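In what follows, a structure is listed as structure tokens, so that the remarks can point back to it.
The chain is numbered in sequence order, starting from 1. Computed from a prediction, not measured in an experiment: that's the story for all the values here.
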Amino acid sequence: MVKTESFKEWLRSNTSYSDNVIGDTVSRIKRADNILHWNDEETYIFYLEKEHEFIRLSVSVRSQLRKAVKLYSTYIKEDTGHS
């Protein structure tokens with residue numbers, strides 16, 4: 001399960017995104033988590049892209065999900081102290 005509230009706070013502190021964009025980004029990481037349960041392995045996007053449900057999405061939605069996953073990965077690395 002993704003940490004949505006702390007991710008929102010991290011986005012507020014580390015980006016210049018509006019509250020609407022932050023909300024959209026959090027929704028996208030939750031959507032990705034529903035397609036493939038989140039793990040913080042470097043290969044997450046690779047395996048997400050292999051899921052049938054992901055493949056069926058439009059190109060723009062897939063791109064938005066990838067962006068959210070990359071942001072969430074950065075947040076997790078900073079939150080856990082991994083580099």
Side-chain angles (χ1 to χ4, degrees):
M1 178 177 285
V2 293
K3 304 185 230 177
T4 56
E5 288 306 314
S6 55
F7 183 43
K8 279 183 192 178
E9 292 306 315
W10 182 86
L11 287 168
R12 280 190 188 98
S13 299
N14 292 280
T15 69
S16 58
Y17 294 161
S18 69
D19 284 342
N20 286 342
V21 173
I22 288 171
D24 290 345
T25 303
V26 170
S27 292
R28 290 177 184 131
I29 193 60
K30 289 191 312 190
R31 186 172 186 179
D33 183 50
N34 286 333
I35 295 171
L36 179 65
H37 184 68
W38 172 259
N39 68 67
D40 59 354
E41 299 295 321
E42 302 258 339
T43 56
Y44 180 80
I45 289 179
F46 174 81
Y47 288 109
L48 178 66
E49 290 174 340
K50 304 293 184 209
E51 293 291 320
H52 182 69
E53 189 176 344
F54 183 86
I55 293 167
R56 289 188 347 222
L57 299 171
S58 70
V59 171
S60 65
V61 172
R62 290 192 310 247
S63 175
Q64 292 164 357
L65 290 181
R66 282 187 203 100
K67 175 72 173 177
V69 166
K70 288 175 185 173
L71 284 167
Y72 192 75
S73 293
T74 302
Y75 154 71
I76 289 295
K77 286 176 185 170
E78 289 183 13
D79 188 52
T80 59
H82 293 103
S83 36

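- Taking 4.5 Å as the limit, some side-chain heavy atom of V59 sits within range of a side-chain heavy atom of R62.
- A 4.5 Å side-chain heavy-atom check between T15 and V21 finds every atom pair outside the cut-off.
- Interatomic distance, CZ of R12 versus OG of S18, reported as 10.5 Å (0.5 Å rounding).
- Between K3 and E9, none of the side-chain N atoms (NZ, or NE/NH1/NH2) sits under 4.0 Å from a carboxylate O, so this pair counts as no salt bridge.
- Contact of the R66 side chain with the E49 side chain is registered, since non-hydrogen atoms from C-beta on lie closer than 4.5 Å.
- Counting heavy atoms from C-beta outward, F54 and L57 have side chains that approach closer than 4.5 Å.
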For this session: For the pair Y17 and L71, evaluate side-chain contact (heavy atoms from CB on, under 4.5 Å) and give the outcome as yes or no after the intermediate values.
Result: CA-CA 12 Å; Y17 294 161; L71 284 167; 3.9 Å; yes

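- Of all the heavy atoms in H37 and Y44, the pair that sits closest is O-CE1, 3.5 Å.
- I55 and Y47 fall into different hydrophobic clusters, where Ile, Leu, Val, Met, Phe, Trp and Tyr side chains are chained together by heavy-atom contacts under 4.5 Å.
- Cluster annotation: M1 is not connected to L48 through the hydrophobic network of ILVMFWY side chains, with a link wherever side-chain heavy atoms come within less than 4.5 Å.
- With values rounded to the nearest 0.5 angstrom, I22 atom CD1 is found 12.0 Å from S27 atom OG.
- Y72 and W38 have perpendicular rings, their planes meeting at more than 60° on a 0 to 90° scale where under 30° would count as parallel.
- Taking each heavy atom of T25 and A68 in turn, the nearest pair found is O-CB, 3.8 Å.
- When side chains are defined from C-beta on, F7 counts as touching I29, because their heavy atoms get closer than 4.5 Å.
- At a threshold of 4.5 Å between non-hydrogen side-chain atoms, the residues R31 and V61 count as touching.
- Contact annotation: the side chain of I35 approaches that of L65 to within less than 4.5 Å [non-hydrogen atoms, C-beta and beyond].
- Residues K70 and I45 have side chains in contact (heavy-atom distance under 4.5 Å, counting atoms from C-beta outward).
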Problem set entry | side-chain contact (heavy atoms from CB on, under 4.5 Å) between T74 and N14, worked out | CA-CA 11 Å; T74 302; N14 292 280; over 6 Å; no

